[in-house]
Protein chains: 4
Amino acid sequence: MQKLRFLTSGESHGKALIGVLEGIPSGLFLSTEDINKELKRRQMGYGRGGRMKIESDHADIISGVRWGKTIGSPISIIIENKDWENWQTGMSPDIEHEASISPVTRPRPGHADLPGILKYAHSDIRNILERSSARETAMRVALGAIAKKFLQNFGILINSYVIQIGSVKMGKSKCGIEHQEIDSYSKIADKSPVRCPDEQASKLIIELIDEAIKHGDTLGGIFEVIVTGIPPGLGSHIHWDRKLDGLLSQALMGIQAIKGVEIGAGFSMAEKKGSELMDEIYYDKENKFFFRKTNNAGGIEGGISNGMPIVIKAVMKPIPTLKKPLRSVDIITKEPFDAAYERSDTCAVPAASVIAEAVIALVIADAFLEKFSGDSIDETSRNYNSYMKYLKEF
Amino acid sequence: MQKLRFLTSGESHGKALIGVLEGIPSGLFLSTEDINKELKRRQMGYGRGGRMKIESDHADIISGVRWGKTIGSPISIIIENKDWENWQTGMSPDIEHEASISPVTRPRPGHADLPGILKYAHSDIRNILERSSARETAMRVALGAIAKKFLQNFGILINSYVIQIGSVKMGKSKCGIEHQEIDSYSKIADKSPVRCPDEQASKLIIELIDEAIKHGDTLGGIFEVIVTGIPPGLGSHIHWDRKLDGLLSQALMGIQAIKGVEIGAGFSMAEKKGSELMDEIYYDKENKFFFRKTNNAGGIEGGISNGMPIVIKAVMKPIPTLKKPLRSVDIITKEPFDAAYERSDTCAVPAASVIAEAVIALVIADAFLEKFSGDSIDETSRNYNSYMKYLKEF
Amino acid sequence: MQKLRFLTSGESHGKALIGVLEGIPSGLFLSTEDINKELKRRQMGYGRGGRMKIESDHADIISGVRWGKTIGSPISIIIENKDWENWQTGMSPDIEHEASISPVTRPRPGHADLPGILKYAHSDIRNILERSSARETAMRVALGAIAKKFLQNFGILINSYVIQIGSVKMGKSKCGIEHQEIDSYSKIADKSPVRCPDEQASKLIIELIDEAIKHGDTLGGIFEVIVTGIPPGLGSHIHWDRKLDGLLSQALMGIQAIKGVEIGAGFSMAEKKGSELMDEIYYDKENKFFFRKTNNAGGIEGGISNGMPIVIKAVMKPIPTLKKPLRSVDIITKEPFDAAYERSDTCAVPAASVIAEAVIALVIADAFLEKFSGDSIDETSRNYNSYMKYLKEF
Amino acid sequence: MQKLRFLTSGESHGKALIGVLEGIPSGLFLSTEDINKELKRRQMGYGRGGRMKIESDHADIISGVRWGKTIGSPISIIIENKDWENWQTGMSPDIEHEASISPVTRPRPGHADLPGILKYAHSDIRNILERSSARETAMRVALGAIAKKFLQNFGILINSYVIQIGSVKMGKSKCGIEHQEIDSYSKIADKSPVRCPDEQASKLIIELIDEAIKHGDTLGGIFEVIVTGIPPGLGSHIHWDRKLDGLLSQALMGIQAIKGVEIGAGFSMAEKKGSELMDEIYYDKENKFFFRKTNNAGGIEGGISNGMPIVIKAVMKPIPTLKKPLRSVDIITKEPFDAAYERSDTCAVPAASVIAEAVIALVIADAFLEKFSGDSIDETSRNYNSYMKYLKEF
C-alpha cells in the first residue's frame with residue numbers, strides 16, 4: 001500500500017475544486033493560512049490576465065484536521081470558484097440545463113482540445129478544456145502546501161525562481177550549494193513580479209512581456225526548483241520506478257505546458273567530459289558527514305538523494321492561446337478557420353514555478369514517508385532522528 | 001488493477017537477471033529471437049569496453065509463452081550472466097562464502113555508491129553497485145522487446161538515434177513528421193557504430209571517443225526516440241498521473257545516467273514566442289483525419305497523444321567511472337584517497353538509446369492496453385479497430 | 001495505471017463527507033437522484049436509532065458531470081452533515097477552537113478506538129472514532145451508486161437481502177440461479193423493514209430487535225449480495241491479486257463490522273464431497289452459451305466470473321456499542337471502568353447489505369473496465385458488444 | 001510507492017516457477033533452507049497423489065541475497081519443475097513444437113477452464129489450466145517464507161492447523177489467546193498427517209480420506225491461521241483499502257479453491273448478541289499494556305491489529321477433479337460428455353493451510369513495513385523498538 005495518495009477534481013468554471021490527500025501522519029500543525037499563502041503565491045506574476053483577480057483563491061479544510069492539527073484521516077480541501085454564479089447553468093450537473101450555452105467546436109492547437117474530444121467522444125470541446133485548464137493546478141498547490149508543511153518539520157525547504165523568460169536569462173545562478181544563498185534567492189524571487197531574483201533580468205523580462213502583450217503573443221521560460229535539507233537516502237536504485245529523479249520528472253512533466261525537465265547540470269552535460277562533471281566526495285570529520293563541493297548531479301545519484309540540494313529545472317512552453325490568428329479546423333463542419341482567442345495570460349512561468357514547488361513537495365513527502373513512515377509526526381520524527389543519528393555514526 | 005506490470009531483478013555479477021512481465025494479452029507471436037535481437041542492439045556501440053564481448057546476452061523464456069505465442073499468463077525471462085563462474089563465491093547467496101572477496105569501501109562519485117550504502121546500511125559497496133549497474137538494463141530491454149512486438153501488431157514503431165555525443169552534434173534532424181524519413185534514419189543509425197544517422201557526425205564522434213579513450217575520460221550525449229503509428233487518445237488530461245508525457249519522462253529518467261528529458265521542441269521553446277511554436281490543425285477530408293504540418297508538441301498535447309509521432313529526447317551524462325584520478329573518501333577509514341578506476345566503457349549513449357526504446361515501449365504498451373484493453377490479441381485488435389473506425393467517422 | 005480509483009474523506013460529525021471517483025467513461029447518464037436513492041436505501045431499516053432521521057443524506061455532484069452526463073473527468077461528491085452546526089467548534093479545523101469539547105478517553109471494545117489511538121498517538125479517542133464510524137459508508141454508497149449506474153448500461157444488476165439476524169434465518173433461499181427470482185426477492189426485500197424477503201422471518205426479526213432494544217443489546221446477521229447479468233471473463237487466474245473473488249472479499253471485509261465472507265456455497269462446502277458440489281457444464285445450442293444448473297461456485301471459478309450470478313454472503317457482528325455496561329480502561333488514568341454507552345442503533349444489518357451492494361458495484365465496475373476499457377460509454381459498449389458477439393461465435 | 005511488491009510466474013508443467021519479491025530491507029539473514037523447509041511443509045499431507053513425490057521442490061535464490069543476507073535489491077527465486085523433461089515439447093515456448101501434444105478441449109467444472117478459455121480466446125484448455133493449477137502456490141510459499149523470516153525478527157509467528165475435513169471437526173479449539181498453546185498446537189499439527197492437532201479427529205479424517213479415495217471422491221475442509229506477537233497498530237481505519245482484515249481476506253481468497261474467510265468468531269457472530277461477544281479491555285499495570293481475556297474480534301478492530309493474536313479461518317472446497325464421471329461440454333464440438341479425470345489428490349486442505357501461512361506472512365510483512373519502514377533490518381528494528389517503547393509509555 002502506497003503511503004501518500006491524492007486525487008484532485010473540478011472543472012475550471014465548475015462549482016469548486018476538490019482534493020483529497022490521504023496518508024499524512026497525525027499531529028501535523030496545519031492551518032487554512034498555510035494553504036492560502038501558497039495559493040496566493042500561485043496567483044502572482046506579471047503578465048497574468050484578469051482572471052487572477054477574480055479568483056483570489058481560498059481553501060477550506062473539510063476533513064482530516066481538527067483544532068489545528070491533522071488527525072491521520074484523509075484531508076479534503078475545497079476551493080470554491082468565485083465565478084460560479086455566472087456558470088451555474090453552463091456547467092450545471094443537471095440535465096435540465098442541457099445546451100444552455102453554445103458548444104465549443106474549434107480546437108486550439110497546443111491544448112488537449114483535439115486529442116481530448118477524440119478520446120472522450122465529445123462534440124463540445126468545453127467538456128475537455130474545463131478539466132485540462134491550468135485552473136486545476138490550484139488544488140495541486142493546496143495539497144502541495146500540506147506536503148511542504150510536513151517537510152518543514154524536518155528542515156526540508158522547497159524553493160524556486162525563474163531563470164529565463166523568452167530570450168532573457170538571468171546571470172548564471174550559483175545556487176544549489178549554499179543553503180543560505182538559496183534562501184535569499186528565493187526571498188528575492190518572491191518579491192520580483194516575475195519571480196526572478198536577478199534584478200536586471202527581472203526588468204528586461206517585464207519589458208519583454210509588455211511587448212508580447214502588445215503583439216498578442218505569449219512567452220515561455222525556464223525555472224529552477226531547489227530542495228534543501230534533504231537527507232541522503234530518499235528514492236532507490238533497486239527498481240526503476242523507485243528512482244527519485246524519475247518520480248520528480250513525472251510530477252513536473254505532469255504540469256500543464258511543461259515540455260522538458262533536467263536535473264543538476266542536465267542537458268549541458270552532453271558537451272562535457274566525465275572529468276569535468278564529477279562531484280568529488282569529501283568528509284567533514286568534525287560534523288561527521290559526507291559532502292561535495294560541486295553539485296552537477298543535482299543532489300541525486302543512482303536515483304537516491306545524496307544529501308546535497310536537489311536541483312531541478314523545467315521548461316514551460318509559451319501559453320498556446322494567442323490573440324494572433326491561428327489555423328485550426330471546426331470539429332463539426334471540418335472546415336478550416338483562422339481564429340484569435342481571448343486570453344488573459346501572456347506569461348505564466350512564475351506561477352508554474354510555484355506549482356512545481358507543490359508537486360515536488362508531494363513527491364518528496366511520499367519518498368520521505370516511504371523511508372521514515374510513522375503514523376504520527378512524533379513517530380516519523382523518532383524514526384527520522386534515529387536515522388540521522390545513525391548517519392553520524394556511520 | 002493496473003494492466004501491465006513488471007519487476008526485474010538480478011545483480012551485475014550474479015547468476016542471472018530475471019524479469020517478470022504480467023498483463024500481455026494471449027495470442028501474441030513471440031520468439032526468443034524477438035528478444036535477443038534487441039539485446040544484441042543494446043550491446044553494440046563504439047566505445048564500449050571488454051565486457052560487452054563477455055556478455056553476448058541470450059534470453060530464455062521460462063513461462064507465459066507456448067508454441068510461439070503468449071498464453072496470457074506472466075511472461076518470465078532469464079538472462080544468464082556468462083561471467084558467473086568467476087563470481088560464484090563472490091556473489092554467492094550462501095553464508096558459507098562470506099568474505100570470499102574483499103569489500104569495496106571506496107565510493108565512486110556520480111554513482112549510487114555513497115547514498116546507497118548510507119540508505120541500506122552496508123559496509124561493502126558491492127552490495128549497492130551490483131544492482132545499480134546498468135547491467136540491469138538488459139532485462140528492461142528484454143521486456144521492452146515484448147512490448148515492442150505487441151505494439152508492432154498495431155503499426156506502432158519505436159526508433160531512436162544519437163544526435164549528439166560530446167561536442168559533436170548531427171545536422172539538424174528534420175524528423176518527427178515524415179514516417180518514411182524516420183524509418184530510414186533509424187535504419188542508418190543501426191548501421192552506424194555510434195547509432196548516429198549523420199555520416200559526417202558519426203565519423204567525428206568516433207574520433208572524439210578515440211581521444212577520450214586515450215585520456216581515460218568519458219563522454220555523454222543526447223539521443224532522440226520517435227514513436228510512429230500512435231493513434232490519438234493515449235494518456236489523459238484528467239489527472240496528472242495519467243499524462244503520457246509524465247509517464248514517458250519517468251521511464252526515461254529511470255535509466256542510469258539520464259539527467260534530462262524533453263518532449264518535442266523541449267527546452268528550445270523557452271526562447272520562442274507562442275506564435276512561432278503552434279502546430280496548426282488541418283483536416284484531410286479524403287482520408288478523414290486531423291493532422292499537423294509541424295510537430296513542436298512532440299506528439300502530445302494536454303498529456304494525450306495527438307496522432308503525430310511522439311518525439312522525445314534525453315541527455316546521458318558521461319559515465320562517471322574514469323581512469324583519471326578522482327577524489328573520494330573511504331567509508332571505513334573516512335580518509336580521502338585519489339583513485340583511478342578500471343572501466344571499460346568510454347561512451348554508452350548508443351546503448352542508452354536502445355534502452356530508451358525499450359522503456360518507452362513498455363509505457364506505450366501500458367497506455368495502449370489501458371485504452372484498448374483485451375485479454376487476447378484478437379480482442380485488443382477488435383477494440384482498436386473499432387476505435388480507428390470511429391475516428392474516421394468522427 | 002489502474003482504471004478506476006477513488007478516495008473518500010470526512011469525519012462523522014465533520015462539515016461534510018467528500019469523495020472523488022476517477023476513471024468513469026464519459027457519456028454516462030448520471031443524476032443526483034441516482035445517488036440519493038441509494039443513500040436513502042442505506043438509511044432505512046428497523047432498529048436504527050435517531051441519527052438516521054437527522055441525516056437524510058443528500059449528495060451534491062461538484063464535478064465530472066455536466067448536463068446530466070459524465071464528461072470523463074473525476075467525479076466529486078459532497079454529502080453535508082446536517083448536524084454540523086452543533087459541531088462547528090467541536091470538530092473545527094481551526095486551532096482556536098482547541099479543547100472546546102472534552103476529550104473521549106474511554107475506548108469501546110470492538111471499535112477502532114484503542115488500536116487507533118495507539119497507532120496515531122492521540123489522547124482524544126474522538127480523533128479516531130470520527131473516521132472509523134460507519135457514517136463514512138454513506139460516501140461509499142454514493143460512489144457505488146455511480147458504479148451501479150454504469151453497470152446497468154450492460155445489464156449488470158446488484159441486489160441484496162438479509163438472510164439472518166440473530167437467531168432468525170429465512171427459509172432456504174433458492175436464489176442465485178433464476179434472475180427473475182432474484183429481482184423479485186430484492187424488490188420484496190426493499191419493502192421489508194429489515195430487508196428480508198421472507199415475510200415470516202421478517203416478522204420474527206422485528207420481534208427480536210424489539211427485545212434487544214428492551215435489553216439494551218445489539219444484533220448482527222448475515223446478508224447475501226447477488227450480481228446478475230455478468231459476462232464470463234471478469235477477473236483472472238493469472239495472478240492472485242487479479243482474482244475477482246479476492247477483490248470482492250477485500251471490499252466486503254472493508255465494511256465496518258463485517259467479520260466473514262463466503263462465495264457461493266461457502267463454508268458449507270467443508271462438509272460435502274466433491275461429487276455433491278460440482279456445477280456441471282451445459283451448452284444451450286440455440287442461444288449459444290454455456291450454462292450450469294447449479295451455482296455452488298457462486299459465479300466465480302479460478303478467480304474468473306463464469307457467467308452465472310455472483311453470489312456472496314457476509315456476516316456482520318452485532319454493533320459493539322451497548323447500553324449494557326462493559327468493562328474497559330481509561331487511556332489517561334489507566335483505571336478500569338464499567339460504562340454504558342448511548343447508542344441509537346440496535347441492528348444495522350439491513351444497511352450493511354446496501355453498503356455491500358455499493359462496494360461490490362465498485363469492484364465489478366473496475367473489473368469490467370479492466371476487461372472492456374473505453375473512454376466513453378459508446379466505446380465501452382462497442383468493446384463489450386464485440387466480446388459478447390465473440391462469445392456467441394466461440 | 002508500495003513497500004513490498006511481488007510477481008510470480010510459471011506454468012504447472014513449464015520449465016520452472018519464478019518469483020520476484022521487492023522491498024525486503026537489507027541485512028535479513030536468509031538461506032535456501034529457510035525457503036525449502038516451507039516448500040516441504042506444503043508438500044506433506046495425507047491424501048495427496050503421486051505428483052507430490054515427483055516434485056520435492058527446491059528453491060534457488062538467484063538475486064537479492066549475498067553471503068546469507070539480503071542486500072536490499074529484488075529477491076528472485078526459481079523452483080525448477082522436476083518433470084520438465086517430459087514436457088519439453090508439450091510446453092515449449094518455441095513455435096516449432098506447435099501441436100506436439102493434443103489440445104485439452106473438455107473443461108472441468110469447478111476450475112478456471114471454461115471461463116479462462118472464453119476470456120483469453122484459447123482453443124486448448126491447457127493454456128489455462130497450466131497457470132490456474134495450484135502448482136503456482138509453491139512460489140507463493142517460497143516468497144512467503146521470506147516474509148516469515150523477516151517477521152520472526154520481530155517475534156511475529158504465523159501458524160496454522162486444520163480444524164475440519166469433510167464431516168470431521170476437531171474438538172473446540174481454545175486457541176487464539178495463549179501464545180504457548182498456539183505454539184504447541186502448531187507443533188502437533190506439523191506432525192499430524194493431516195495437520196490436525198486433535199489426535200482423535202486426525203485419525204477419523206484419515207479414515208474419511210481413505211473412504212473418499214475408494215470412491216474416487218474428494219474432500220474439502222476448514223483451517224485456521226494464527227498470527228502471534230503482532231503489535232497493535234498494523235492496518236488502518238482511515239480508508240477501506242488500508243484495513244488489515246480486508247487485505248488478509250483478499251490474500252486468502254486468492255488461494256485456489258478457497259471459498260470463504262472469517263476473522264475471529266466470524267459467522268458464528270450472527271447468532272449471538274452484542275453483549276456475548278465483547279472483548280473487554282484490561283490493562284496490565286506492571287508490564288504496561290492493554291489486553292483482553294477473550295478474542296472474538298480475532299485480533300483486529302476497525303481494520304487495525306489490536307495486539308491480540310490474529311485468528312483467521314478459511315474454507316477450502318473439495319478439489320473439483322474427480323474420478324467420478326462429471327457432465328461437461330466439449331468446447332470444439334459443443335457436445336456433452338461424461339468423463340472421469342485422472343487426479344492424484346483427494347484432499348489438499350493441509351497444504352492449503354501452509355499456503356495460507358505464506359500469503360498471510362506477505363500481507364503482514366507489507367503492513368509491518370508500511371508502519372515501521374526501514375531500508376535495513378537495523379533501521380526497521382530501531383523504528384519498531386522505538387514504537388514498542390512508546391507503547392509502554394502511552
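Chain letters run A, B, ... following the sequence lines, proteins first and then strands; every chain starts at 1.
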For D:Gly235, does its backbone N or O pair with a side-chain atom of C:Lys119 as donor and acceptor, under 3.5 Å?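 Yes, C:Lys119 side chain to D:Gly235 backbone: donor-acceptor pair under 3.5 Å.
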Are any side-chain N or O atoms of C:Glu280 and backbone N or O atoms of D:Ser328, one a donor and one an acceptor, separated by less than 3.5 Å?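 Checking the backbone N and O of D:Ser328 against the side chain of C:Glu280, no donor-acceptor pair under 3.5 Å is found.
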Pick from [options] with the largest number of heavy-atom pairs that fall under 4.5 Å of chain C:
options                                : result
D:Ser132, D:Ala297, D:Gly166, D:Ser123 : D:Gly166
D:Leu208, D:Leu234, D:Ile128           : D:Ile128
D:Gly233, D:Gly264, D:Ser9             : D:Gly233
D:Ile238, D:Asp113, D:Val168           : D:Ile238
D:Ile331, D:Leu277, D:Ile255, D:Leu219 : D:Ile331

With a 4.5 Å cut-off on side-chain heavy atoms, are [Y] and [X] touching?
X        : Y        : result
C:Leu118 : D:Phe394 : yes
D:Ser249 : C:Val261 : no
D:Glu211 : C:Lys273 : no
D:Ile281 : C:Pro107 : yes
D:Lys334 : C:Phe290 : yes
C:His239 : D:Arg131 : yes
C:Ile263 : D:Met253 : yes
C:Arg292 : D:Leu114 : yes

Near C:Glu393 CD, under 6.0 Å, is it more than 12 heavy atoms from other residues, nucleotides or ligands?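 Atom CD in C:Glu393 is packed in, count exceeds 12.
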Could you measure the distance from the [atom1] atom of [X] to the [atom2] atom of [Y]? Nearest 0.5 Å is fine.
X        : Y        : atom1 : atom2 : value
C:Asp241 : D:Arg5   : CG    : CZ    : 12.0 Å
D:Lys259 : C:Ile312 : NZ    : CD1   : 9.5 Å
D:Asp245 : C:Leu252 : CG    : CG    : 11.5 Å
D:Asp217 : C:Ser275 : CG    : OG    : 3.0 Å

Between [options], the one whose heavy-atom pairs under 4.5 Å with chain D are most numerous:
options                                : result
C:Asn306, C:Val349, C:Leu7             : C:Leu7
C:Ala270, C:Gly216, C:Ser305           : C:Ala270
C:Met278, C:Arg242, C:Glu276           : C:Met278
C:Met316, C:Gln250, C:Lys288           : C:Gln250
C:Gly221, C:Ala112, C:Pro320, C:Ala121 : C:Ala112
C:Glu301, C:Met269, C:Lys371           : C:Glu301

Considering all heavy atoms of both residues, which atom of [X] and which atom of [Y] are nearest to each other, and what is their separation?
X        : Y        : result
D:Ile117 : C:Tyr390 : O-OH, 3.6 Å
C:Asp279 : D:Pro109 : O-CB, 3.3 Å
C:Lys272 : D:Pro318 : O-CG, 3.4 Å

Residue list, side-chain contact (heavy atoms from CB on, under 4.5 Å) with D:Lys313, at least two apart or on another chain: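 Partners of D:Lys313 by the side-chain contact (heavy atoms from CB on, under 4.5 Å) criterion, ordered by chain and then number, come out as D:Ile163, D:Ile222, D:Glu224, D:Glu262.
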Pick out which of C:Ile304, C:Ile300, C:Leu244 makes a side chain to side chain contact (heavy atoms under 4.5 Å, CB included) with D:Pro115.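 By the side chain to side chain contact (heavy atoms under 4.5 Å, CB included) criterion, D:Pro115 pairs with just one of C:Ile304, C:Ile300, C:Leu244: C:Ile304.
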Between D:Glu335 and C:Lys285 (salt bridge meaning N to carboxylate O under 4.0 Å), is one present in this structure?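 Looking at C:Lys285 together with D:Glu335, the answer is yes, because their closest N to O distance falls below 4.0 Å.
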Salt bridge or not between D:Lys169 and C:Glu271? Use side-chain N to carboxylate O under 4.0 Å.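 Judged by the 4.0 Å cut-off on N to carboxylate O distance, D:Lys169 and C:Glu271 do form a salt bridge.
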Contact part of C:Gln164 toward chain D, heavy-atom cut-off under 4.5 Å: side chain, backbone, both or neither?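 Side chain only.
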Take the angle between the ring planes of D:His237 and C:Tyr120 and call it parallel below 30°, perpendicular above 60°, tilted in between.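 If you compare the ring of D:His237 with that of C:Tyr120, the planes turn out perpendicular.
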So which part of D:Leu391 gets closer than 4.5 Å to some heavy atom of chain C, the side chain, the backbone, both or neither?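 The side chain, not the backbone.
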